[in-house]
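One structure below.
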Amino acid sequence: MAHETPYVGRSMPRPQDPRLLRGQGRYVDDIEEVGAWHAAIVRSPVAHGRLTRFDATAVLAAGLARLVLGPQELARLADPLPTKWRLPGQHLTGIPVATTTARYVGQPLGVVVAASRAEAEDAAEQVLLEFDELAVVSDTVAATTPGAALLYPEHGSNIAGQIHFGSDDETLTAAIDAAPHVIDREFRVQRIAQSPMEPRGVLAEWIPGTGALTAWLSSQSPQAVRQELAVSLRLRADQVRVVATDVGGSFGGKNTLYVDETMVCAAAMVLGGRVKWIEDRRENLLAAYQGRGQRARARLALDAAGRFLAIHADIVGDLGAFASQAGSGPFQVTGLAIEGPYRFASAGATITGVYTNLVPTCAYRGYGMQEAAWIRERLIDEAARELGLDPVELRLRNLVTPAELPYTTHTMLTYDSGDYPAALRRAAELADRFRPAPDAPGGELRRGVGLACSVEVTGFAPSALLEMFQIHWAGWESGRIRVNEDGSVSVTSGVMAVGQGIETALAQIVADELRVPIDWIRVHLGDTAVSSYSDLSSQASRSVTLAGGALVQAGARMRERMRGLAAGALGVPADAVTWNGAVFGGGPGTGTLTWREVAHRGWMGWGRGDAARIQLEEVADFDPPAITYAYSVAGAAVAAETDTGRLTVEAYWSVNDSGVLVNPMLADGQLAGGIAQGLGLALLEEIRHDPETGQPLCTTLSDYLLPSPSDVPDPVIEHRCTPSTVIPGGFKGLGEGGIIPTAAAVGNALAAAVPEIAADLVATPLAPATLWPMLDKAGLADG
Amino acid sequence: MNDWDVRVTVNGVPHRRTTQARTLLSDFLRHELGLTGTHVGCEQGACGSCTVLVDGEPVRSCLMFAVQADGQQVETVEGLAGDAELSGLQDAMMREHGLQCGFCTPGVLMTLTAAERAGCSAEEAAGPQLGGHTCRCTGYAGIRAAIERHWSRRKDS
Amino acid sequence: MKPAAFEYLRPATVAGVLDALGGPRQDVAVLAGGQSLVPRMNLRVARPAAVVDINRVPGLDGIEVTAGTVRLGAMVRIARLLREPALRDRLPVLTEAAALVGHPQIRSRATVGGSLCHADPAAELPTLAVTLGARLHLRSAAGDRVVPAGEFFLAPHTTARRPGELLTGIELPVPPGLAARFVEFSRRANDLPLVGVAVALVLDDGVITSARIGAGGVGPVPVRLPGAEQVLTGRALAELVPGPGGHPPDHPLRRALAAAADEADPPEEPVFRAGLLRAAIRRAVTELATEGSTGEAR
């Protein structure tokens with residue numbers, strides 16, 4: 001089979017699908033577990049308390065457990081996990097593995113190891129825990145009320161720190177005070193459980209003789225986990241191997257090492273063997289880091305012509321009990337992304353991180369950008385409503401135009417390329433299909449359409465930018481291509497396959513660069529002993545852009561090396577060599593060579609042009625000169641029942657520009673999946689706690705409501721293509737473009753359907769119990 | 001009496017194991033029989049990842065004790081294709097990108113296999129039957145497209 | 001999580017079940033479909049010392065449809081309620097309610113008896129049983145007794161079933177002229193509803209001779225709403241068909257809705273749930289009235 005140029009741009013099925021469809025996936029719980037002990041985690045039942053007793057004496061004496069590690073033992077075995085992105089003023093620089101003060105329900109306090117999971121749970125129940133209970137603060141409002149109980153008395157406040165981006169306060173205040181129109185709202189985005197269908201899990205193996213720790217672990221960032229494990233367990237990095245095989249979804253929740261996972265690895269080291277722990281769903285909802293959780297007072301100032309004079313968001317982020325590795329990162333990104341695709345005379349955001357007695361927050365798909373879109377796009381629709389303007393027209397007056405690109409926002413984001421107004425116009429055209437007739441009957445069912453625009457940061461780089469902010473993540477990405485002796489091609493990168501199909505996309509890119517059939521290529525990801533380096537790995541919509549960018553470069557070099565080897569063998573200059581995807585030719589009378597023959601000569605060390613280089617391996621490090629920005633405009637058509645508060649999204653459409661699409665089918669899948677998660681956030685999902693005790697109220701998937709098939713219409717997805725100007729190949733990311741504008745589009749559609757309650761639509765989820773009182777107040781609830 | 005002798009036929013192969021009464025059918029299949037294609041997503045009966053067929057009916061294998069399946073016929077995802085080609089449904093799922101991470105997929109396949117055998121319409125399969133499954137990756141669009149493709153292919157043949 | 005250890009008993013006869021239940025132990029759980037019990041055991045919220053599996057006991061899964069009654073054995077699975085043509089013909093509201101109980105993968109195991117004994121205050125079958133005036137048959141070593149559904153549900157997840165007793169079946173009266181509807185509001189399709197309502201009218205020549213309205217999710221147990229029933233009784237069904245602007249303010253249906261809301265005592269979100277209750281009754285009655293006036297009452 002010859003190379004069918006080009007693969008990039010083609011919808012191709014994924015080579016791993018037959019295996020997954022046959023039930024031959026290799027998720028962490030599927031790894032051969034012979035000889036493994038099983039762990040259960042002892043978790044705090046209280047939201048705040050000093051642990052005065054952790055006593056496993058009886059458990060061990062009765063032989064119920066093989067091993068119990070409590071705070072005392074863990075303090076001897078493990079150092080805190082390092083944090084990566086700190087807020088100015090943040091006093092916590094690490095996350096202790098050994099805890100003597102519980103600060104949220106579910107916090108891991110120790111680990112129990114037994115012959116089976118059930119027995120480990122039996123034993124964990126018998127560990128005696130006693131606490132001096134402390135007063136609980138269960139949200140950021142309570143935490144910042146004078147006299148509130150403090151999570152860290154030594155820090156003197158529950159405010160972890162603060163940062164400001166964009167125009168300074170005086171400029172913003174002056175602009176807002178002088179503006180003829182100001183829209184002023186208090187917004188809220190709820191806590192979200194990322195809810196991968198496969199919860200977290202680790203099978204840890206310590207081989208005492210070699211001093212080697214292998215952790216099979218469900219992760220979207222295995223290299224980062226390896227580094228953190230080495231630091232915490234006082235090992236050299238070269239003693240630790242992390243292997244992530246098939247990963248059943250991640251969405252931001254598996255991008256770092258957790259304390260409970262560290263405990264399991266520590267237990268394996270103590271036992272000198274294998275210990276396995278698979279997070280169950282209750283633990284996942286209780287104790288895995290969560291996403292979102294923020295409040296913001298935000299103001300949009302406009303002049304008489306509807307031009308945006310200023311936007312300011314005062315954002316309060318719920319960090320939870322401590323700042324996770326990413327800590328306030330998502331809240332900071334809300335501030336950075338507040339302007340979206342619009343021109344403002346001034347813009348800025350103040351971000352305050354607050355500790356509460358809840359599970360810490362971290363990344364969730366959309367990472368601050370979704371919250372920014374919710375704030376900004378709702379403000380814009382509110383402005384349109386109050387000023388009597390068409391919301392599309394108001395947006396068009398303020399969108400950054402193609403002629404203005406590259407455009408630098410007040411928060412210092414430089415958008416590279418695109419046509420934002422064209423995308424909005426197209427989305428508005430699509431909206432006309434779903435817009436209710438002006439004379440549509442009233443009654444209990446109201447319909448409306450809404451739009452929302454957004455810009456997506458894809459790739460968190462260059463590394464120098466992160467250095468400037470002292471964010472300890474490497475922004476660059478690696479790619480490595482090896483042509484094996486038989487001509488097969490092994491590709492690796494530091495990014496991770498988490499279901500998005502990145503292996504297929506990378507294979508398509510490499511196949512085009514080498515001009516070889518795609519089935520000669522195999523992509524190896526997720527094993528730190530095999531894969532190349534990446535710190536951020538598959539986060540921040542960076543996998544195709546940065547790994548693709550690296551592999552484009554490595555591929556081009558490999559192609560030239562193969563051509564050079566062929567030239568040597570054929571006895572012609574390199575530029576005379578042709579490669580048609582089947583054979584190398586040197587022109588009339590010189591004969592031909594197959595790819596495999598050239599690869600064989602290469603590994604034999606024969607006829608090499610460059611005497612120093614023999615291995616047919618090309619490595620490229622790609623640190624992009626700047627972030628590349630995708631964008632999308634989303635539309636939703638909703639039906640609202642005024643007597644029940646029930647809200648149905650009847651249609652959804654997205655006009656998206658992610659530059660050059662490698663595999664449109666996978667691109668659509670990423671958008672559709674993001675949209676579904678966005679609808680979950682807009683309509684259903686919410687982690688709730690008892691405000692007095694901090695006890696979680698959503699510990700099952702019957703309480704934490706993920707979108708089901710009937711909640712999610714098939715979206716209409718249209719792509720536009722403005723190639724990135726900073727990424728080789730012209731790629732832009734698309735992992736988050738689906739989720740970023742979704743809630744805002746739904747909120748705006750509901751506001752259009754029921755303008756009587758539009759001003760109050762500031763918080764998600766737009767749940768019946770929240771909407772009904774608004775409808776009742778407006779006199780609409782009684783049929 | 002906590003240990004039970006369980007005889008169960010899985011994908012046509014008879015098995016006999018001694019297991020605790022508290023062993024869930026899902027864990028029995030995965031860890032005692034080594035059939036790890038059946039996935040455990042919640043153990044709360046909510047997500048559908050662990051769906052298998054017991055005597056032909058789709059059930060949550062996390063809500064049955066293995067001992068309850070004693071003497072019964074169980075079908076799991078491993079039995080759908082055997083060594084041969086993918087089943088029509090599996091093939092449609094691949095072509096329509098009906099799976100991403102693949103974790104919920106085996107349960108979805110078992111439900112749809114039962115729906116197909118029961119003569120459900122494509123609408124019934126994509127509606128109430130699929131309604132018992134949670135997929136966090138695809139937004140269901142690819143799964144519904146796969147149902148549409150497979151059912152229309154069946155109609156044509 | 002994995003269940004705590006328990007003793008598993010699998011008697012082959014009702015007598016064997018009664019023996020197992022009648023022992024000195026209090027913490028014996030009956031395992032029917034297991035769709036409520038097993039998740040609670042997996043969470044270790046329920047941790048019975050012994051579990052009596054009644055799945056292999058013959059004689060508990062009968063369905064009998066006679067002129068005035070539908071009889072269901074306790075082990076009739078919900079999926080079967082949807083498949084039996086006789087039930088659809090005779091008591092379509094049962095099919096309608098059953099289609100709302102969980103998802104197909106749950107319904108293939110879940111049972112009528114299990115749903116009633118689990119006694120969730122919002123669940124469909126308890127609400128329907130209370131509304132229709134069902135009679136629950138209980139058996140113990142001491143003999144049989146019959147408990148009206150209205151007296152069976154005592155509190156959330158608490159019933160009049162005594163230790164040692166087994167629910168063997170349920171009898172649903174089907175009076176001639178019955179026209180009934182089940183309407184519920186849940187967050188997602190086939191979730192346990194926030195509020196579920198059954199409206200059962202007995203019609204004689206287009207006049208409501210008896211009205212039964214029952215609701216779940218608006219109190220600790222499913223309840224009848226006699227005030228609302230009273231307003232509707234004796235009225236012509238056609239009177240309840242909404243006009244172009246809905247039902248006017250002083251319309252009897254509105255008075256019935258107000259009475260229903262007064263009678264409800266929702267455990268949480270009381271005003272919202274009372275609103276859902278009104279909406280559900282209005283829809284059920286409106287559908288019955290609209291169909292009835294076009295000759296499609298069922």
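Values below: every heavy atom of this structure, side chains too, minus hydrogens, waters and symmetry copies. Labels below follow one simple rule: chain letters A, B, ... track the order of the sequence lines, proteins then strands, and each chain is numbered from 1.
The residues C:R139 and C:E165 are annotated as not salt-bridged, no charged nitrogen and carboxylate oxygen being separated by less than 4.0 angstrom. Salt bridge B:D3/B:R17: absent, no basic N to carboxylate O contact under 4.0 Å. Of the charged side-chain nitrogens involved, none lies within less than 4.0 Å of a carboxylate oxygen, so that C:R77 and C:E84 do not count as a salt-bridged pair.
When C:D191, C:I106, C:N190 are compared by the number of non-hydrogen pairs under 4.5 Å with chain B, C:I106 comes out ahead. The candidate from B:Q129, B:Q20, B:Q44 with the greatest count of non-hydrogen atom pairs under 4.5 Å with chain C is B:Q129. Counting heavy-atom pairs closer than 4.5 Å to chain C, the top residue among B:P58, B:P128, B:C62 is B:P58.
Taken to the nearest 0.5 Å, the CE atom of C:M75 stands 10.5 Å off from the CZ atom of C:R56.
At least one side-chain heavy atom of C:L72 sits less than 4.5 Å from a side-chain heavy atom of C:L172. Residues C:F182 and C:T127 form a side-chain contact, since some pair of their non-hydrogen atoms from C-beta on lies under 4.5 Å apart. Residues B:H15 and B:R7 are not in side-chain contact: their nearest non-hydrogen atoms beyond the backbone lie 4.5 Å or more apart.
Not a single donor-acceptor pair under 3.5 Å links the side chain of C:R181 to the backbone N or O of C:V197.
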Distance-only donor-acceptor hits, side chain of residues 9-21 of chain C, under 3.5 Å, sequence neighbours excluded:
from  : atom 1 : to    : atom 2 : distance (Å)
C:R10 : NH1    : B:V67 : O      : 2.9
C:R10 : NH2    : B:D70 : OD2    : 3.1
C:T13 : OG1    : C:G16 : N      : 2.9

Side chains of residues 24-31 of chain B: which donor-acceptor pairs under 3.5 Å do they make with residues two or more places apart or in other chains?
from  : atom 1 : to    : atom 2 : distance (Å)
B:D27 : OD1    : C:K2  : NZ     : 3.3
B:D27 : OD2    : C:K2  : NZ     : 2.8
B:R30 : NH1    : A:D30 : OD1    : 3.1
B:R30 : NH1    : B:T36 : O      : 2.9
B:R30 : NH1    : B:T38 : O      : 2.9
B:R30 : NH2    : A:D29 : O      : 3.0
B:R30 : NH2    : A:D29 : OD2    : 3.0
B:R30 : NH2    : A:D30 : OD1    : 2.7
B:H31 : ND1    : A:E33 : OE2    : 3.2

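Among the residues in residues 35-53 of chain C, those with a non-hydrogen atom closer than 4.5 angstrom to a non-hydrogen atom of chain B are C:Q35, C:V38, C:P39, C:M41, C:N42, C:L43, C:R44, C:D53. Within residues 98-127 of chain B, the residues approaching chain C closer than 4.5 Å by heavy atoms are, in numerical order, B:T111.
Residue C:V112 is tested with C:L81, C:L167, C:I63 for a side chain to side chain contact (heavy atoms under 4.5 Å, CB included); the sole match is C:L81.
The parts of C:A5 that come within reach of chain B are both its backbone and its side chain, each placing non-hydrogen atoms under 4.5 angstrom from that chain. If you measure heavy-atom distances from B:E43 to chain C, the contacts under 4.5 Å come from both the backbone and the side chain.
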For this session: Kindly determine whether B:R22 and C:Y8 satisfy side chain to side chain contact (heavy atoms under 4.5 Å, CB included), including the steps that lead there.
Result: CA-CA 8 Å; B:R22 65 165 153 175; C:Y8 177 74; over 6 Å; no
